[in-house]
A.B. asks: 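Got a structure for you, questions after.
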Amino acid sequence: MIALGLAHLTALELAPTALVAEAARAGFAAVALRFIPATSDGPAYPTQVGTEAHRALKRVLDGEGVRVSDIELVQLKPAIDISSLAGCLEAGADLGATAIIASGDDPDRSRLTARFAELCQLAASFGLRVDLEFMRWRAIGNLAQAAAVIRDAGQTNGSILVDALHLARSGGRAGDLIPLPDHWLRAAQLCDAVAEAPATDAAIIAEARAGRLPPGDGALPLGALLEALPADTALSVEMPLPALDARERIATAFNATRNLLEGQARGARRRDCHGWA
């Protein structure tokens, strides 16, 4: 069994209970849930401990044998009130999540780093890790900038979320991950894309939110990325592809990624057998 997670953006039109059911049907072991919208008009599905809706979601997770890997998306903007996120973190922890995803959206790097550290401290009180995701169009737009925040914040539960598309579109390479401490690289999101990057930030955003390809169907160097990540990095698939309906999209995401990972494992075994590793 390949223990893969499914990022909510893959089928953001599905409420959590429907997402869990379809994820289980396809073979996913975990889901990430979008509790906080990533855009002003974007969908999100907050839940609160003690409500019937929250209890119902827990029952569905238990019944389907699917766990919650992480919750998202905290945008570290200048005016954010970290303490206001306590209920969200409590709900995620109660569902079994191990991390919350954050993005860096404050041009003041010192203030952003302090807010990240504050978020890590609040998350730690709920047993959660904070994964900082870099995206080219945000203030924290590349791997080096994310690594600087993790280093300067100095929190043991602070990590980087490596998204294959964001790494490529921000000019990063798989080899850039190798010098980083393993405990900074606890999670990665897989997808694929065409070789040539879109020309503008607007087009980059459109590709990220609705134009990704199944892993293995494009030109991103996913094999090199997998080899550069620590062996125990949690892997999930983020593949919004509106041309497919939600059920087919989720099944395609799982099957394509399974094939990619199995091919990677076969290649590693062959190299070992021939003394190439």
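Only heavy atoms go into these numbers, but all of them, side chains included; no hydrogens, no water, no symmetry mates.
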A.B. asks: For a side-chain contact (heavy atoms from CB on, under 4.5 Å) check, start with the C-alpha distance between F116 and R111, then their side-chain angles and the critical distance, and finish with the verdict.
C.D. replies: CA-CA 9 Å; F116 180 79; R111 180 174 56 200; over 6 Å; no

A.B. asks: Identify whether the distance between the nearest side-chain nitrogen and carboxylate oxygen of D94 and K58 falls below 4.0 Å.
C.D. replies: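 Yes, D94 and K58 are salt-bridged.
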
A.B. asks: A quick test of your reading: do over 12 heavy atoms of other residues, nucleotides or ligands sit less than 6.0 Å from CD of E13?
C.D. replies: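 Yes - once you tally the heavy atoms of other residues, nucleotides and ligands closer than 6.0 Å, there are more than 12.
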
A.B. asks: Under a 3.5 Å distance rule, please check whether Q121 uses its side chain to pair with a backbone N or O of L119 as donor and acceptor.
C.D. replies: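 Flag not set: sc Q121 to bb L119 has no pair under 3.5 Å.
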
A.B. asks: Is it possible for you to say whether L12 and F35 belong to one hydrophobic cluster, with membership spreading through side-chain heavy-atom contacts below 4.5 Å?
C.D. replies: no

A.B. asks: Before giving the answer on salt bridge (Lys or Arg N to Asp or Glu O under 4.0 Å), spell out for R186 and D232 the whole-Å C-alpha distance, their side-chain angles and the decisive distance to 0.1 Å.
C.D. replies: CA-CA 8 Å; R186 309 312 316 134; D232 60 349; 3.0 Å; yes

A.B. asks: To the nearest 0.5 angstrom, please state how far the CD1 atom of I80 sits from the CG atom of D106.
C.D. replies: 10.0 Å

A.B. asks: Checking side-chain contact (heavy atoms from CB on, under 4.5 Å) for the pair S103/V74: CA distance, chi angles, key distance, verdict?
C.D. replies: CA-CA 6 Å; S103 63; V74 174; over 6 Å; no

A.B. asks: Would you say the side chains of D81 and S83 form a donor-acceptor pair under 3.5 Å?
C.D. replies: yes

A.B. asks: Whether the side chain of R55 engages the backbone of G50 through a donor-acceptor N/O pair (distance < 3.5 Å, no angle test) should be reported.
C.D. replies: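 Yes, because the side chain of R55 sits within donor-acceptor range (under 3.5 Å) of the backbone of G50.
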
A.B. asks: Starting at OG1 of T39, measure out to CZ of R209 and round the result to the nearest 0.5 Å.
C.D. replies: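 Here the interatomic distance stands at 5.5 Å.
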
A.B. asks: Just by modelled atom types, is the R247 backbone N or O under 3.5 Å from a matching donor or acceptor in the E22 side chain?
C.D. replies: no

A.B. asks: Could you tell me whether a side-chain N or O of D217 sits under 3.5 Å from a main-chain N or O of L213, the two making a donor and an acceptor?
C.D. replies: no

A.B. asks: Less than 4.5 Å apart, side chain to side chain, heavy atoms only: is that true for L244 and I250?
C.D. replies: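 They are not in side-chain contact.
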
A.B. asks: Would you name the heavy atoms of E207 and A193 that are closest together and state the gap between them?
C.D. replies: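 For E207 and A193, the tightest heavy-atom pair comes out as OE2-CB, 3.8 Å.
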
A.B. asks: When rounded to the nearest 0.5 angstrom, what distance separates NZ in K77 from CG in L112?
C.D. replies: 12.5 Å

A.B. asks: Whether R25 and E64 form a salt bridge (side-chain N of Lys/Arg under 4.0 Å from carboxylate O of Asp/Glu) is what I want to check.
C.D. replies: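 The answer is no: the pair does not qualify as a salt bridge.
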
A.B. asks: Can E52 and R59 be counted as an ion pair, charged N to O under 4.0 angstrom?
C.D. replies: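 Salt bridge present between E52 and R59.
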
A.B. asks: Quick one: pull up OG1 in T10 and CD in Q189 and give me the separation to the nearest 0.5 Å.
C.D. replies: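 Interatomic distance, T10 OG1 to Q189 CD, rounded to 0.5 Å: 8.0 Å.
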
A.B. asks: Find the distance between NE2 (H8) and OH (Y45) and round it off to the nearest 0.5 Å.
C.D. replies: 5.0 Å

A.B. asks: Could R136 and D201 be called an ion pair, given the rule that one side-chain N must be under 4.0 Å from one carboxylate O?
C.D. replies: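 Counted as a salt bridge, because a side-chain N and a carboxylate O are separated by less than 4.0 Å.
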
A.B. asks: Quick check: does any side chain N or O of R212 sit under 3.5 Å from a backbone N or O of D192, one acting as donor and the other as acceptor?
C.D. replies: no

A.B. asks: What's the separation between atom OG in S84 and atom CG in L89, rounded to the nearest 0.5 Å?
C.D. replies: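 Here the interatomic distance stands at 9.5 Å.
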
A.B. asks: Run through I71, L61, V49 and flag the one making a side-chain contact (heavy atoms from CB on, under 4.5 Å) with L95.
C.D. replies: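 In the set I71, L61, V49, the residue that makes a side-chain contact (heavy atoms from CB on, under 4.5 Å) with L95 is L61.
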
A.B. asks: Is there a side-chain contact (heavy atoms from CB on, under 4.5 Å) between V237 and F28 once you walk through the steps?
C.D. replies: CA-CA 10 Å; V237 188; F28 284 99; 3.9 Å; yes

A.B. asks: Could you check if a side-chain atom of L165 sits within less than 4.5 angstrom of a side-chain atom of E238, using non-hydrogen atoms only?
C.D. replies: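 They are not in contact (no side-chain heavy atoms under 4.5 Å apart), so the answer is no.
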
A.B. asks: Is any side-chain heavy atom of P78 closer than 4.5 Å to a side-chain heavy atom of D108?
C.D. replies: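 In short, these two side chains do not touch, never coming nearer than 4.5 Å.
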
A.B. asks: List the steps, then state whether side-chain contact (heavy atoms from CB on, under 4.5 Å) holds for E90 with F126.
C.D. replies: CA-CA 6 Å; E90 179 189 26; F126 294 99; 3.5 Å; yes

